[in-house]
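A quick write-up on the structure given underneath.
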Amino acid sequence: QVQLVESGGGLVQAGGSLRLSCAASGTTFSINSMGWYRPPPGKQRELVARISSGVSSDVSTNSADSVKGRFTISRDNAKNIVYLQMNSLKPEDTAVYYCNARITVTMTYNYWGQGTQVTVSS
């Protein structure tokens with residue numbers, strides 16, 4: 001099992017920056033990938049960015065078109081922390097951001113953090 005704790009959310013003006021952190025504990029060696037999601041109004045959680053596990057040479061990332069060039073996902077394997085660096089924030093980025101960890105053995109298991117609020121003022 002995996003436990004996820006997010007931090008780093010807050011209130012920022014448009015054009016500002018925030019860095020979200022997600023600390024993973026438990027059976028972290030079993031995690032295949034981790035990512036950040038947010039739920040726009042009236043919609044289910046949508047992908048913001050994901051990053052794979054494994055050695056650095058095998059790491060792959062993907063992100064939503066709406067955040068490409070502005071948000072960067074990274075990880076610190078030694079500390080079991082995944083970061084989301086958010087630059088050039090826009091009011092439409094306002095949401096609760098959730099950290100996700102995925103474990104695939106014979107089936108896929110998803111673990112979620114409690115979420116951290118990001119509010120961007122115009």
Side-chain angles (χ1 to χ4, degrees):
Q1 57 183 347
V2 175
Q3 297 80 44
L4 304 173
V5 179
E6 303 103 327
S7 62
L11 175 64
V12 65
Q13 293 183 351
S17 299
L18 286 173
R19 188 182 72 165
L20 306 184
S21 300
C22 177
S25 61
T27 55
T28 57
F29 59 87
S30 299
I31 296 174
N32 300 112
S33 65
M34 297 182 66
W36 291 93
Y37 291 74
R38 66 188 184 189
K43 299 174 63 177
Q44 296 182 345
R45 295 173 184 174
E46 67 178 12
L47 172 70
V48 177
R50 290 199 71 85
I51 186 168
S52 67
S53 299
V55 298
S56 298
S57 60
D58 294 329
V59 170
S60 63
T61 63
N62 67 295
S63 60
D65 290 341
S66 61
V67 306
K68 287 182 177 178
R70 300 188 298 119
F71 292 7
T72 301
I73 189 169
S74 62
R75 70 183 192 186
D76 184 338
N77 285 342
K79 299 180 179 180
N80 295 317
I81 298 176
V82 172
Y83 302 98
L84 184 67
Q85 179 65 49
M86 305 186 295
N87 299 323
S88 301
L89 283 162
K90 304 175 181 179
E92 50 263 44
D93 294 320
T94 296
V96 177
Y97 285 71
Y98 294 89
C99 183
N100 167 267
R102 181 170 296 163
I103 296 176
T104 300
V105 186
T106 56
M107 62 179 295
T108 298
Y109 300 86
N110 281 287
Y111 298 88
W112 296 92
Q114 79 285 355
T116 185
Q117 176 70 51
V118 172
T119 303
V120 184
S121 62
S122 60

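These values consider heavy atoms only, across backbone and side chains, with no hydrogens, waters or symmetry-generated copies.
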Atom [atom1] in [X], atom [atom2] in [Y]: separation rounded to 0.5 Å?
{"X": "Asn100", "Y": "Arg45", "atom1": "CG", "atom2": "CZ", "result": "8.5 Å"}
{"X": "Tyr98", "Y": "Cys22", "atom1": "OH", "atom2": "SG", "result": "13.5 Å"}
{"X": "Lys90", "Y": "Ser122", "atom1": "NZ", "atom2": "OG", "result": "14.0 Å"}
{"X": "Leu18", "Y": "Tyr97", "atom1": "CG", "atom2": "OH", "result": "9.0 Å"}

Is it true that [X] and [Y] fall in one hydrophobic cluster, defined by side-chain heavy atoms closer than 4.5 Å?
{"X": "Val59", "Y": "Val48", "result": "yes"}
{"X": "Val96", "Y": "Trp112", "result": "yes"}
{"X": "Tyr83", "Y": "Val118", "result": "no"}

Exercise for the section: Going by the side chain to side chain donor-acceptor pair (under 3.5 Å) test, name the single residue among Thr108, Asn110, Asn32 that passes it with Arg102. Expected result: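 Per the side chain to side chain donor-acceptor pair (under 3.5 Å) rule, the option paired with Arg102 is Asn110, out of Thr108, Asn110, Asn32.
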
Problem - Main-chain N/O of Val120 paired with Thr94 side-chain donor or acceptor, under 3.5 Å - result: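 Judged by distance alone, yes, a pair lies under 3.5 Å.
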
Problem - Gln114 side-chain N/O to Glu6 backbone N/O, donor-acceptor pair under 3.5 Å - result: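 At least one qualifying donor-acceptor pair exists.
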
Practice task
For Gln85 and Thr72, test the side chains for any donor-to-acceptor distance below 3.5 angstrom and give the result as yes or no.
Solution key: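 No pair is found: no donor N or O on one side chain lies under 3.5 Å from an acceptor on the other.
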
Any side-chain heavy atom of [X] within less than 4.5 Å of one from [Y]?
{"X": "Met34", "Y": "Ile73", "result": "no"}
{"X": "Leu89", "Y": "Phe71", "result": "yes"}
{"X": "Trp36", "Y": "Val82", "result": "yes"}
{"X": "Val67", "Y": "Met86", "result": "no"}

Do you know the tightest heavy-atom contact between [X] and [Y]?
{"X": "Pro91", "Y": "Ala14", "answer": "CD-CB, 4.2 Å"}
{"X": "Ile31", "Y": "Ala101", "answer": "CD1-CB, 4.0 Å"}
{"X": "Ser33", "Y": "Ser52", "answer": "CB-CA, 4.0 Å"}
{"X": "Ser66", "Y": "Arg70", "answer": "O-NH2, 2.8 Å"}
{"X": "Gln117", "Y": "Ala95", "answer": "NE2-O, 3.4 Å"}

Problem - Candidates Thr104, Val105, Ile103, Val2 - the one meeting side chain to side chain contact (heavy atoms under 4.5 Å, CB included) with Ser30 - result: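 So the option named by the test is Ile103.
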
Problem - Sole residue of Thr116, Leu4, Leu20 in side chain to side chain contact (heavy atoms under 4.5 Å, CB included) with Cys99 - result: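 Filter result, single survivor: Leu4.
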
Problem - Test: Asp65 and Lys68 ion pair at under 4.0 Å - result: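 Looking at Asp65 and Lys68, the cut-off is met.
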
